[in-house]
Amino acid sequence: MPLLASTPVDRMHTPYAKRWWALLVLCLSLLIIVMANTALIVAAPDMTRDLGLDSSGLQWVIDAYTVPYAALMLLLGAIGDKYSRRGALVAGLALFAAGAVTGSLAHSAGAVVAARAVMGVGAAVIMPATLSLLVATFPREERARAITAWTATSGLGVAFGPLIAGWLLERHAWGSTFLINVPIALAAIVGAFVLVPPSRARDLGRIDVVGGLLSIVAIGSLVYAIIEGPHFGWSAGPVAAAVVAGLGIAGFVVWELRHPHPVLDVRKFRDRAFSGSTIAVLMFFLGTFGAIYYITQHLQFVLGYSPLETGVRMLPLAAGVCVAAAVTGRLTPVLGMRTMVVTGMAVGTVAVLLLTRIDAGSTYGDFLAPFILLGFAVGLSVAPCTDTIMGSFPENELGVGGGVNDTALELGGSLGIAILGSLLATSYRDNLTDAVGTALPPGPLDVARDSIGGALAVAERLAHDPQATPAQAQALVSAAHSAFSDAVAATSLVGGIIMAAGTVIVLALLPGRSHPARRDAAVAADPARTPVA
């Protein structure tokens, strides 16, 4: 038996014997993409102190990864389709690992931002490659199960990233959190050559480079505007980016409608199953990522948990994902895709709305039910949506299909963190100003209003200031905790309303159970959609 997987998928006459082992490699590749962000959440306080980051600097340490990741997936997915999906996976893993090593050695904010950007480019190569290889490797009757396992991996990454990062931060500096992904990436590279068969599109033709570049401009500008505008105000930069994004989207649609072989056939959005699934992914991760963003801050800054303790307390979310993923695989064929997706989104809405009960006296027990329900919602909703999106593409465009799914996911997450994070910051700032008033000088007051981490740092300085009293420091801590808790409750109300509206929209868009059969019949009748690996 050969050591390397060298037979292309399209030359196999029976399903690939080691396909479930290949899925393990693809899930490991997905795991590091998710952990790159979730690990950073618990490392952010240490990075802020060591690098002297303000809120803008910290935001760009986080989002230097997001912008190239979201902007490049569509074009890089098409390139992987044409030349080599496995080659794209390996190249992305190598680039991602290089960025992670560079980040671990960085000593300035600029170097960290650059390293995160490199990791974002690597992630943009990896993410569509994992989905396209999964769909190409598994026969149609097993794809839903494989996609469910792929989806469950993202939930594990949400929990394991903070857990492993927290364990490392107990003994090492924040740079060690970048190295979490390096051994996994190296193992995945070896596994890709040994277990994942080669795959690429047949007779794809020339890549629509202009369409790909327009998608980069449109999505990159949109994500930049989403990040900068809500957080730091709609100055000339974010406004210009929003205008460029609008023009880029319009130009992309016009170009793709006229191009004989578009990078993305925008006519697919006429399909209610495809458009409804895409909107469901976007809306769901808007609420979920936004909620996780501020829950982890509350656990650390208000409840006082260490990074490791925070990671441990997020494990119920991963458990919820795994349980729901098992349920989804059994119930979706019985109840239908629309029922599972809408139910999952409704459960996620309830989870976010439960956070409106949070106040300064809340304990971890008040977060346990939202964690479990959010995990359950991910497991119920995302796999059926991803299966539908990928099933809408012929097998010579699987990388593009993966790019669409993952771009919707990343756009939703960016919107959630930007919009809900901005609402959280504004509410916290107003609450703290009302509570503290003129008790602090203007300079320390500005620092305290900027973030709860800043307020706790000011309180610590007051505690060691001979001209202040311990009561003043404690009063500031109490005011910051109360202001942040109230901000979490207010922000969760908005997030819950947004998710509820998204649930209604998706319910209206997604077709009934007869639609998949009609689509499968159309696929069978259309030679252009016949599987060709």
Side-chain angles (χ1 to χ4, degrees), residues 40-63 107-110 112-113 169 173-174 227-235 238 293-307 309-310 358-362 417-491:
L40 185 66
I41 291 174
V42 297
D46 286 355
M47 293 180 66
T48 300
R49 286 191 294 268
D50 290 351
L51 299 176
L53 299 173
D54 57 14
S55 59
S56 175
L58 178 60
Q59 189 67 37
W60 275 108
V61 166
I62 296 171
D63 291 320
H107 297 289
S108 67
V112 174
V113 168
L169 290 169
W174 57 263
I227 292 168
E228 282 286 299
H231 274 284
F232 309 116
W234 290 96
S235 59
Y293 174 74
Y294 55 74
I295 288 174
T296 53
Q297 292 184 62
H298 195 284
L299 294 179
Q300 292 185 79
F301 290 121
V302 178
L303 298 184
Y305 293 125
S306 69
E309 292 168 336
T310 299
I358 298 300
D359 56 31
S362 295
I417 292 174
I419 295 173
L420 299 185
S422 176
L423 289 171
L424 180 82
T426 300
S427 180
Y428 164 78
R429 183 168 55 248
D430 293 342
N431 292 340
L432 188 68
T433 302
D434 292 340
V436 174
T438 58
L440 288 176
L445 178 60
D446 288 341
V447 174
R449 292 173 58 199
D450 184 62
S451 67
I452 186 173
L456 298 181
V458 171
E460 186 175 355
R461 288 198 294 270
L462 285 175
H464 295 88
D465 187 345
Q467 297 181 345
T469 65
Q472 288 177 302
Q474 185 56 47
L476 178 57
V477 170
S478 298
H481 285 177
S482 180
F484 193 84
S485 299
D486 291 344
V488 166
T491 303

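These figures come from a predicted structure and were not determined experimentally. Hydrogens, waters and symmetry mates play no part in the numbers below; they use all other heavy atoms, side chains included.
What you find for A448 and Y428 is that their closest heavy atoms are O-OH, 2.7 Å. Across S427 and A490, no two heavy atoms sit closer than the pair OG-CB, 4.2 Å. Considering every non-hydrogen atom in both A480 and A455, the closest pair reads CB-CB, 3.8 Å.
With sequence neighbours excluded, no residue satisfies side chain to side chain donor-acceptor pair (under 3.5 Å) with S482. Under the side-chain contact (heavy atoms from CB on, under 4.5 Å) criterion, A459 pairs with L476, V477, not counting sequence neighbours. Checked against side-chain contact (heavy atoms from CB on, under 4.5 Å), L445 has the following partners two or more places apart in sequence or in another chain: V436, L440, R449.
To the nearest 0.5 angstrom, D50 atom CG is 12.5 Å from S108 atom OG. Here CD1 of I417 is found 12.0 Å from CG of L424. Values are rounded to the nearest 0.5 Å. Of the inter-residue distances, the one linking L432 atom CG with S451 atom OG reads 10.0 Å to the nearest 0.5 angstrom. Taking CG of D450 as the reference point, atom CG of D446 lies at 8.5 Å (rounded to 0.5 Å).
The side-chain heavy atoms of Y293 and L420, taken from C-beta on, include no pair separated by under 4.5 Å. Residues W174 and V112 form a side-chain contact, since some pair of their non-hydrogen atoms from C-beta on lies under 4.5 Å apart.
Aromatic ring orientation, H298 versus F484: tilted (interplanar angle from 30° to 60°).
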Audit row: L40, M47, side chain to side chain contact (heavy atoms under 4.5 Å, CB included) steps and yes/no: CA-CA 9 Å; L40 185 66; M47 293 180 66; 3.2 Å; yes
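The side-chain contact (heavy atoms from CB on, under 4.5 Å) with H481 is formed by just one residue from the set D486, L456, L303; it is L456.
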